[in-house]
Amino acid sequence: MKKRVRAIVLGIACFALGAALQRFYDLRRPPSPQTVQTVKTVKPLPGTETRIAEDNGNITLPPIRFDREPLWAYGFDTRPEHGDKAVPQNPPTRDLRPNEDPVEQTRPRRLD
């Protein structure tokens, strides 16, 4: 029992010492070139607007161009109409779908 407690205390002490040393190292090292932020000017796509709010650094993303998106990848058949809002999905249930055959819905299936 004493060996187990010693091992646990040693593990916690090593973890704490490692965290303290990592914190000390992070505070003392100079910033690496990868952490320096650079600003790159990018020409926006025609018909889109990209604006950067100067006051708080928020970026306003351009609107989604649905004519260039594969709608099937997002589970849609048609483009959304102007003013359409996304509705949340219904939570999953064990109820059968009323517009389909119950025997077909409950038939055991296999993947071969």
Inset, instruction - Taking atom types as modelled, find out whether Gln22 and Asp26 have a side-chain donor-acceptor pair closer than 3.5 angstrom. - result: yes
Legend entry - side-chain contact (heavy atoms from CB on, under 4.5 Å) partners of Arg23, counting only residues at least two apart: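 Partners of Arg23 under the side-chain contact (heavy atoms from CB on, under 4.5 Å) test: Leu27.
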Inset, instruction - Please name all residues satisfying side-chain contact (heavy atoms from CB on, under 4.5 Å) with Phe24, sequence neighbours left out, ordered by chain then number. - result: Arg28
Inset, instruction - Please name the pair of heavy atoms, one in Arg109 and one in Glu104, separated by the smallest distance, quoted to 0.1 Å. - result: NH2-O, 2.9 Å
Inset, instruction - Show which residues join Leu17 in its hydrophobic cluster (side-chain heavy-atom contacts under 4.5 Å, direct or indirect), or state none. - result: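 Cluster partners of Leu17: Leu21.
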Using atom types as modelled, flag every donor-acceptor pair under 3.5 Å from a side chain in residues 1-10 to any protein atom, sequence neighbours excluded.
none

Inset, instruction - Please name all residues satisfying salt bridge (Lys or Arg N to Asp or Glu O under 4.0 Å) with Glu81, sequence neighbours left out, ordered by chain then number. - result: none
Inset, instruction - Enumerate the residue pairs fulfilling salt bridge (Lys or Arg N to Asp or Glu O under 4.0 Å) with a member in residues 87-98, sequence neighbours excluded, ordered by first and then second residue. - result: Arg97-Glu100
